[in-house]
Every structure is written in structure tokens, then in C-alpha cells.
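The chains referred to below are lettered A, B, ... by the order of the sequence lines, with proteins before strands, and numbering in each begins at 1. Below, each value reflects all heavy atoms present in this structure, side chains not excepted, and no hydrogens, waters or symmetry copies. Computed from a predicted model, the values in this text were never measured in an experiment.
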Amino acid sequence: MAPELLEKKKAERREGLPPLEDVGGNGVVMRFAPNPSGPLHIGHSRVVILNDEYVRKYGGKFIVRMEDTNPAKVYPEAYDMIPEDMDWIGAKVHEYVIQSDRFDLYYKVARELLESGHAYMCDCDQDEWREKKAHKIACPHRDQPLEKNLEMWGRMFSGDYAEGEVSFVIKTDINHPNPALRDFSALRIVEEPHPRKGTKYRIYPLMNLSVAVDDHYLGLTHVLRGKDHQNNTFRQEYIFNYMGWKIPHYIHYGRVKIEGAQLSTSVMKEGIMDGTYTGWDDVRLGTLRALKRRGIRPEAIRKYWVEVGVKQVDIQFSWENLFAYNREIIEPEAERYFFVADPVRMEITGAERITGEAPILPNRPENGYRTYNLKATEGVIVVYAPGKDVGGKEGLFRLKDLCNIEIKNGRAIFAGNDLAAIKKGAKIIHWTPADSLPGELLMPEGTKLTGLVERGILQGSGEMVQFERMGFARIEKRGKKGIKAVFAHR
RNA sequence: GCUCCCGUAGUGUAGUGGCCAAUCAUGCAGGCCUCUCGAGCCUGCGACACGGGUUCAAAUCCCGUCGGGAGCACCA
């Protein structure tokens, strides 16, 4: 028998995203529909990446649609921040659409729905209406004649009603077993001025109307949305069916639980206002701006979400896994330096001169070395070491890439340069020469570590560095007076 | 209360009836390495929620239980 037949066949492991169904010759048309209430955060990035990946894979069009049909939730600067974030994350957007430019279209469709008997005008008390619906009871307006609906429609537009007094309701099935799917409002009065349109409009669509209308008129073929929209999809399907439109493929992905970063736009906004946060790129926030500042590469975020995929399972976001992908990207190019936090001054005796060198990039020695040439003044050579490593401790230590020292009775004595010391149990620590620069390292919790950084960092130019034995960091400021860096991860 | 969705190692993921005593990544533990709490190499740890059924055969199909999530707004 041929040997290959004896071997166990391993099933091919699927790479990348699962294929999309029913892709036509012109590819796909997909959308990302953010509410412009603030900049994008890590949660948004999932659907952005997924859409972008599919449009790249199949060709077609990626539309970003600003869903600003609730003036109270609009943060005007977001109209500019979102495209910036899309660019940073590396998404290729073919078209931007703003819903507040399309009110007339929503009115037109709503009017058609009213005339075809699939909707009604209702001025019931909101609470009573909801209560009736919960018990499968139709409100008196549900079956009123078209003339009456048209009359109320006209009065809504002419200003006879105040906010909250009337709404345009789409009929579904008042007896539907799923209470979430019984008749729903689709147009309501909003008096608050719109950041882009001022007081031009008073009648605002609710998302189920505007989304259905736009998904149709923008020609969407496939829509990715969170599982929390499942019922909205069912509601919108009523509109599609009433209008005789072809329904795009709606694909629902599971909820993502993200811990360890602030994602609530309102909390972030408030915190920035009152000074709790330094801005939208405060490292404690989960915004893309904050991640950028922390040295997280968009490619790592992309890889992470592609790996997670589009399943309906709810998942736990893993910073560890994201960092692992990021590390893979930055590790080869992050220049190595020593940063000593909480430095302890050490006076090494027993040597007049100590020299050493260390590669700037361990895997690319051709990129050069940091060289150390320390000379004694009045019999001592001064270096600084991390308080947590040497504070109050004794024994044999290896100053990485320099020499061994023996700490005894609080004094440091030169102990040769034999690497065998490591085998004998000498703890490897990092250190910094006497002429080092002040350094500040901003940690993800918002705290700052202060310490010393070796001068060689001034020769470097890369954005990302690795402070050996501490982790990767992004350099924000580099100058003769010192450096400021933001911690990324180990 | 009603309705919908989901349930593979710590985390994410592959797997749609036999090739699964279950894939890959990450994590963790140990080892190697003339020097990092980084990288690389090697070894190990670790999962089909549970119970029935269908079948010669089930992670994969059916039913039930349990567990998780979502919705029932004139927010998105």
C-alpha cells in the first residue's frame, strides 16, 4: 500500500472568514452604519473590519452611513472623526451617506406605506398604546379609514401636533407571539434642533424605517449587524415585503463583552468635559484613537477580528490575543533600550572602566549596537537599577550586556564579566548609565512611571520601542530633556 | 411574563454523521538559547454544558434540561 494512504488525513483548516452566500457578479454592497455620537471604539472596529474584508474579497462597495436621526445623540465633531478613524483602521470606504440628508425619501416611503394600508397615524397615549400592544389589543387608530390617516398625516406636517402627541405606526401583526414584533412606530416629532439641519425638519424617522429605506435604496446585498438587532431585522422585513423590495442577506454576529476599557460614549464625553480623561485618546478609553496612541497597529486589530469571525456566539474580547497579534507586528522593528523605573543609584567599586554593547534589534545586528563605556570617578562607576529588582537585596546580579556585580551590605562590587554567572543563578536585571535621560511611561491604567532611559534612545527613530524586561511602548516625545512614552503591552 | 439567538480547552477558533482518543492561535508550566518578563526552537497542560433518543456510527441530526445573550422605546 502506498505510504500516503496509511497516513491520517488532516482536514483542511478553514482560513479567514466564511464565504458569503449569494454573491452576484458585481460583488457585494455592504455598509457600516454608526451613530455619529463620538469617535469609533474597539467595539465598532469589528463590523468595520468584517465589512471591509468582505468587500475586498468579493469586490463591490463599502458604504458608511451616518445614522443621525436622533439629534440628541449627535456629537457634531463625529462626522469628521469617524472618517479619520476609518482611514486609520485601513478600511476602504467607497461612499459616505448621511441620513439627515435623506428625510424626503423616508417621508415618501412612509406616505406610500400609509396609502397602501400598511401603516396608520396614532395619537394614543404612548403608555396606553404600549400596554395594549403587550396584550395583543389593537388601538382604535389601527383600522381607521385612509382619509383619517391622511388628515392626521397632514396635520403632523403642518404643526398641529406637539412632540410626543402623534406617531406614524407600521402594521405588522398585532397577534404576533413575539411581543417585540407587534406594530412599531416609524416616524415621530422631534423639536430639538438638528446639528446639521437646524429646525428644518420636525418629523424624524425611527431607525427601522430609515434603515430599511436606505438598505434598499443604497442597494445593499449583505448586511452585518449585531445579534441585538435580530428583532429589528424582522421588523424591517415587514417594510421590505410591503414595498415589494428584495431583502438583503442580514447576518447577525454575537455580542462582544469588552472589559478593561471605557467604551460608553456618554461616560467618555462627560469624563473629557470634567477633566477625568485627557481627551478622546486617553489611554484608559477603548477608542481607536487611544489604541493608536498605545501603539496598537490597525493590522493587529484586523487580524483579531478576522480570527473571531462572524459567529452568533457571544464572545469575550481578549486583550491578550490582540496584544499577541500586535507583538508579532512590532517585535521585529521595536528598538531595544533600557528604561529603569524607580531608579536606585548604585556605585560600583572594583573597576576603573567597564564596557559593553547590546544590539538595538536582537534579530538584526546589522542595525547597530548600543555601546557602553563607563569610567570610574574617584573609584566608583555610577549606574541606576530598578528599585524593585535591587532594593534591599543582596547577591550576584547580571547587569544585562554590561557585567556582573555582587551586592553586599548595600554596596555594589564589580564581579567580572563571565556569563556563566547567569548559570550560577545571577538574576539578570537592566540598568542605565549615569548620564541617562529622564523618562516617563504612561501606563494603560492612566498612571505614570517615572525613571531613566539610556541616552542611546535619542539616536533611534522608530515609533515603537521595547524597554527590555518591561514591554513595548510607543514614543510620544523624544528629546534631550527626556522622553515620554506610552506603554503598549509586554 | 412572552419571543428570538447561542452553548468545542482560561480566551478566540476549525469542525455540518465515520478520516475527531477533536484543529490552529493565544495563555499557562517546564526546557534549550553567550545575556530580556521580547523573539525563536522543543515538551507539556487544557474542551465537544448535561440527559435521553435516531444510527452500524454523533461534537455534528432530534427532544428535554441547564446555562449565557438579546428584544418587547415616539434610542441606534
Side-chain angles (χ1 to χ4, degrees), chain A residues 7-15 18 33-37 67-70 72-73 99 122-124 126-127 129-130 133-134 136 163-169 176-182 184-190 203-208 210-211 225-235 252-257 303-309 311-325 327-328 330-332 334 336 338 356 358 361-363 398-404 417-423 426 428-430 466-472 489-490:
Chain A
E7 267 178 69
K8 263 210 248 177
K9 264 184 287 172
K10 275 266 153 64
E12 288 290 307
R13 188 170 195 276
R14 202 201 73 230
E15 288 290 326
N35 174 337
S37 58
E67 305 213 322
D68 58 348
T69 54
N70 181 2
K73 284 196 173 185
Q99 286 193 318
C122 174
D123 59 5
C124 287
Q126 288 179 35
D127 295 334
W129 186 79
R130 256 199 301 272
K133 195 168 85 158
K136 303 184 177 177
E163 187 169 301
E165 282 184 356
V166 72
S167 87
F168 164 90
V169 182
H176 201 290
N178 183 348
L181 265 38
R182 299 176 197 148
F184 60 91
S185 290
L187 235 40
R188 87 306 200 174
I189 296 172
V190 176
I203 318 300
Y204 281 71
L206 270 326
M207 66 102 78
N208 285 306
S210 49
V211 165
R225 61 196 326 199
K227 224 164 67 165
D228 46 324
H229 281 299
Q230 180 72 68
N231 283 332
N232 287 321
T233 298
F234 292 139
R235 288 199 265 239
H252 300 90
Y253 55 83
R255 303 265 305 168
V256 185
K257 192 169 162 197
K303 186 169 180 188
Y304 180 82
W305 289 125
V306 168
E307 178 61 30
V308 166
K311 298 203 303 185
Q312 294 207 37
V313 213
D314 297 330
I315 61 154
Q316 177 75 45
F317 181 82
S318 166
W319 290 101
E320 281 293 348
N321 289 5
L322 175 65
F323 292 161
Y325 294 141
R327 190 179 298 124
E328 204 172 275
I330 63 178
E331 199 278 336
R336 266 52 167 194
F338 290 143
L361 294 172
N363 301 323
R398 170 70 192 172
L399 298 183
K400 185 171 181 288
D401 303 312
L402 187 72
C403 68
N404 306 325
N417 195 13
D418 187 356
L419 284 170
I422 297 165
K423 296 269 185 211
I428 297 174
I429 60 172
H430 59 284
Q466 188 203 92
F467 291 134
E468 292 197 47
R469 306 207 323 123
M470 296 189 71
F472 295 92
H489 49 76
R490 282 181 17 196

Exercise. Any chance you could list the contact pattern along nucleotides 31-39 of chain B? Use B for base contacts, S for sugar-phosphate-only contacts and - for none, protein heavy atoms under 4.0 Å, 5' to 3'.
Key: --SBBBBBS
Practice problem: Using a cut-off of strictly less than 4.0 Å, decide whether A:Lys311 has a side-chain nitrogen or oxygen near OP1 or OP2 of B:A14. | Solution: yes
Quiz item: Given the C1' atoms of B:C32 and B:A25, what is the spacing between them in whole Å?
Solution: 23 Å
Quiz item: Would the A:Phe323 and A:Phe472 ring centres measure less than 6.0 Å apart?
Solution: no
Self-check item: B:A57 to B:G38 separation - C1' atoms, rounded to the nearest Å
Solution: 49 Å
Quiz item: Taking atom C1' of B:A25 as reference, at what distance in whole Å does atom CH2 of A:Trp319 sit?
Solution: 19 Å
Quiz prompt | Strand RNA chain B as a dot-bracket string - pairs counted if Watson-Crick or G-U with both distances under 3.5 Å, | where the partner lies in another strand | solution = ((((((((.[[[..)..(.....]]]((((((.......))))))...[[[[[..)....]]]]])))))))....
Exercise. Output the single nucleotide from B:G12, B:C5, B:U8 whose closest atom is nearest the side chain of A:Val313.
Key: B:U8
Quiz item: What is the nucleic acid contact for A:Glu320, judged by heavy atoms within less than 4.0 Å: base, sugar-phosphate only, or nothing?
Solution: sugar-phosphate
Quiz item: Under the side-chain contact (heavy atoms from CB on, under 4.5 Å) test, which residues partner A:Asn232, sequence neighbours left out?
Solution: A:Met207, A:Asn208, A:Arg225, A:His229, A:Arg235, A:Gln236
Quiz prompt | Ion pair check, A:Glu320 and A:Arg490, cut-off under 4.0 Å | solution = no
Quiz prompt | A:Lys136: partners by salt bridge (charged side-chain N to carboxylate O under 4.0 Å, His left out), with sequence neighbours left out | solution = none
Self-check item: B:U43 and B:C24, which share atom name P, separated by this distance in whole Å
Solution: 12 Å
Quiz prompt | Whole-Å distance separating the CD atom of A:Gln316 from the C1' atom of B:G27 | solution = 14 Å
Quiz prompt | Under 4.0 Å protein heavy-atom contacts per nucleotide of nucleotides 69-76 of chain B, with B for base, S for backbone only and - for none | solution = SSBBSBBB
Quiz prompt | B:C19 to B:G68 separation - P atoms, rounded to the nearest Å | solution = 33 Å
Exercise. Name all residues meeting the side-chain contact (heavy atoms from CB on, under 4.5 Å) criterion together with A:Asn178; count only those two or more places apart in sequence or in a different chain, and write none if there are none.
Key: A:His176, A:Ala180, A:Leu181, A:Asn231
